[in-house]
Amino acid sequence: MNIKRTATDALNATITIEIEKADYHHQVDNVLAERRKTSNIPGFRKGHVPASLINKKYRIPVLVEEINKITQTQLNKFITSEKLNLLGNPLPKDQGAINWENDNFFFEFEVGLAPDFEVDVKGKKAITHYEIKADDNTINGQIDRVRENYGKLIAQKEVATGNEVTGVFKNDDEGINADATFSTKKIKGKSNLKKFIGAKVGAILELNTKALFEEDQDLMTFLKLEEDKVKGLEIDLTFEITEVNEREKADLNQEFYDKIFGPDVIKSEEELREKLREDAAKQFGQQTDQKLLTDITEALITNTKFDLPADFLKRWIAASGENEFTDEEATEEYERSEKGLRYQLIESNIVKNNEELQLKFEDLQEYSRIMIREQMTQYGHMDATDEEVDQVVARIMSNQEEVKRMSEQLQNEKMLKFFKANAKLKKKELTYEEFIKEAYNA
């Protein structure tokens with residue numbers, strides 16, 4: 001057997017495999033001998049079928065199967081031994097019809113090679129690392145919402161601004177008959193709000209779904225409709241008011257603090273504000289970290305220049321999909337996935353050159369333990385034993401999908417920590433509203 005690689009250019013090559021009779025004939029003969037023992041052919045006793053008849057009937061199919069096995073095995077061994085960093089999988093060249101009566105066989109495979117390149121993580125231009133500060137307005141808003149959630153409902157005879165209204169939406173033609181409770185703060189537009197303010201319990205309001213609520217999601221929730229049915233919905237409907245309540249905010253006292261955080265965790269409004277700031281910082285930190293990771297990813301893709309074996313990858317996409325792709329469809333699919341492929345290569349390069357980023361099994365186990373303990377704590381299981389946690393971890397580690405998901409999550413966390421320590425960053429402090437406006441042009 002002879003196997004070799006011939007470079008077409010830096011990113012493309014052909015692997016040639018020559019298989020001689022000595023490479024396969026013993027295995028083919030053994031398989032045919034086993035077939036002779038087990039074959040049932042009319043006119044012959046089992047195990048006594050003439051070898052010539054077995055060869056005539058089975059030799060070519062057996063030969064084809066064994067040649068394919070040898071080819072794939074040797075191809076994989078060659079790729080591993082030569083440490084070839086391939087993109088996609090080898091593509092067999094079209095060599096026309098194979099004459100299986102020959103003794104020797106010749107196969108060619110096209111391969112696309114990953115490029116060699118260097119990554120400058122630091123970069124020339126600083127990337128903004130946002131830090132959201134929970135200002136007094138944000139904290140005041142949070143306190144008001146919590147006080148309302150834990151406050152008292154006081155029944156009213158008619159609707160006033162800020163009241164909670166309970167009733168039934170109806171439209172017989174559309175099959176809508178939905179109970180709903182909402183604050184008048186959710187109603188959009190002065191004309192819609194005017195219909196509610198002053199309306200008494202028992203009143204039936206005539207409304208239209210178009211621009212009824214401030215958020216489109218509310219229309220889906222209150223009418224109990226699927227998202228695809230709500231989009232662009234513009235129909236008349238009625239709303240019968242069955243209940244009106246004013247929500248009196250809860251007092252800021254120890255009973256209120258204990259209900260939210262547990263006994264004696266918070267003992268004053270000042271401590272409450274500090275706790276809300278800490279919680280907000282964690283929540284906002286997740287958003288700013290994701291924004292940072294996205295911005296660094298985009299910068300690395302833009303600034304790290306290397307070529308790809310594009311023509312090969314398009315042919316590979318066309319050949320490897322579940323459904324057959326046209327050349328145009330394969331090109332479109334390649335263009336959609338090119339940016340992701342580039343970042344995969346960049347990330348692999350960074351991980352390869354930084355040992356602290358390389359995932360180890362014990363790292364994943366420990367990460368799973370931390371995650372499981374946090375989840376148990378959230379559900380009130382505060383004192384889980386190591387044995388209980390390890391049992392859950394063992395189940396997770398036996399699930400390939402879960403292992404993959406957690407590996408990606410841990411890798412992202414490692415990459416984010418690495419970027420924070422090594423990329424060129426400039427910090428910018430702003431409020432949440434300012435962040436949304438600047439970071440997402442909202």
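Note that these values count all heavy atoms, side chains included, but never hydrogens, waters or copies made by symmetry. Residues: numbered from 1 along the sequence shown.
- Atom CG of D103 has more than 12 heavy atoms from other residues, nucleotides or ligands within 6.0 Å.
- Expressed to the nearest 0.5 Å, how far CG of L237 lies from CG of L212 amounts to 7.0 Å.
- Once rounded to the nearest 0.5 Å, the distance linking CG of L425 with CD1 of I127 reads 6.5 Å.
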Query - Evaluation steps, salt bridge (charged side-chain N to carboxylate O under 4.0 Å, His left out), between K69 and E66 - result: CA-CA 5 Å; K69 286 180 183 177; E66 294 304 318; 3.6 Å; yes
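- A donor-acceptor pair under 3.5 Å is absent between the side-chain atoms of K210 and the main chain of I235, judged by distance alone.
- Judged purely by atom type and a 3.5 angstrom limit, Q95 uses its side chain to pair as donor or acceptor with the backbone of E108.
- Going from atom CG of L430 over to atom OG1 of T288 covers 9.5 Å, rounded to the nearest 0.5 Å.
- Electrostatic pairing of D386 and R373 counts as a salt bridge here, judged by a charged N lying under 4.0 Å from a carboxylate O.
- Applying side chain to side chain contact (heavy atoms under 4.5 Å, CB included) to T242 and the options T166, V165, T181 leaves one that passes, T166.
- Between the side chains of Q409 and Y367, at least one donor N or O lies within less than 3.5 Å of an accepting N or O.
- A salt bridge does not link E356 with K417: none of the charged nitrogens is closer than 4.0 Å to a carboxylate oxygen.
- Defined by atom type and a distance below 3.5 Å, a donor-acceptor pair is present between the side-chain atoms of N12 and D9.
- Atom CZ of residue F261 and atom CD of residue E271 lie 10.5 Å apart, to the nearest 0.5 angstrom.
- Here E401 does not pair with R405 in a salt bridge; the nearest charged N to carboxylate O distance is not below 4.0 Å.
- With salt bridges taken as basic N to acidic carboxylate O contacts below 4.0 Å, none links D311 and R315.
- Of the possible polar contacts, one joining the N422 side chain to the F418 backbone as a donor-acceptor pair under 3.5 Å is found.
- A salt bridge between E434 and K437 is absent, with no side-chain N of the basic residue lying under 4.0 Å from a carboxylate O of the acidic one.
- Looking at E366 and R369, a side-chain N of the basic residue comes within less than 4.0 Å of a carboxylate O on the acidic one, giving a salt bridge.
- Donor-acceptor pairing under 3.5 Å is recorded for the side chains of T138 and D135.
- To the nearest 0.5 Å, atom CD1 of residue I296 and atom NZ of residue K420 are 9.5 Å apart.
- Cation-pi check for R342 over F306 is met; the charged atom lies under 6.0 angstrom from the ring centroid and within 45 degrees of its normal.
- Distance alone, capped at 3.5 Å, is enough to place a donor-acceptor pair between the Q358 side chain and the V351 backbone.
- The ring pair (Phe, Tyr, Trp, His ring centres under 6.0 Å) test with F284 is passed by exactly one of Y432, F435, Y130: Y432.
- A salt bridge links E298 to K339: at least one charged side-chain nitrogen sits closer than 4.0 Å to a carboxylate oxygen.
- Looking at T128, its side chain never comes within 3.5 Å of a backbone N or O of K426 through a donor-acceptor pair.
- A cation-pi contact links K291 to Y440, judged by a cut-off of 6.0 Å to the six-membered ring centre and 45° from its axis.
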Report task. Give the intermediate values and the outcome of side-chain hydrogen bond (donor to acceptor under 3.5 Å, both in side chains) for residues D144 and N140. Result -> CA-CA 6 Å; D144 283 343; N140 289 339; over 6 Å; no
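- Ion pairing of E164 with R247 is present here, as a side-chain N (NZ or NE/NH1/NH2) and a carboxylate O approach within less than 4.0 Å.
- With hydrogens and angles disregarded, no donor-acceptor distance shorter than 3.5 Å links the side chain of T304 to the backbone of I301.
- From Q365, atom CD reaches atom CD1 of I396 across 11.0 Å, with rounding to the nearest 0.5 Å.
- With respect to the salt-bridge test (charged N to carboxylate O, under 4.0 angstrom), the residues K185 and E148 qualify.
- A salt bridge links E333 with R336: the closest approach of a Lys/Arg side-chain nitrogen to an acidic carboxylate oxygen falls below 4.0 angstrom.
- Remark: K37 engages E34 in a salt bridge, criterion side-chain N to carboxylate O under 4.0 Å.
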Requested in this report: Decide ring-ring contact (aromatic ring centres under 6.0 Å, His included) for F222 and F169; before the verdict, give the C-alpha distance in whole Å, the side-chain angles of both, and the deciding distance to 0.1 Å.
Outcome: CA-CA 8 Å; F222 298 143; F169 284 108; 7.2 Å; no
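- With respect to the salt-bridge test (charged N to carboxylate O, under 4.0 angstrom), the residues K314 and D327 do not qualify.
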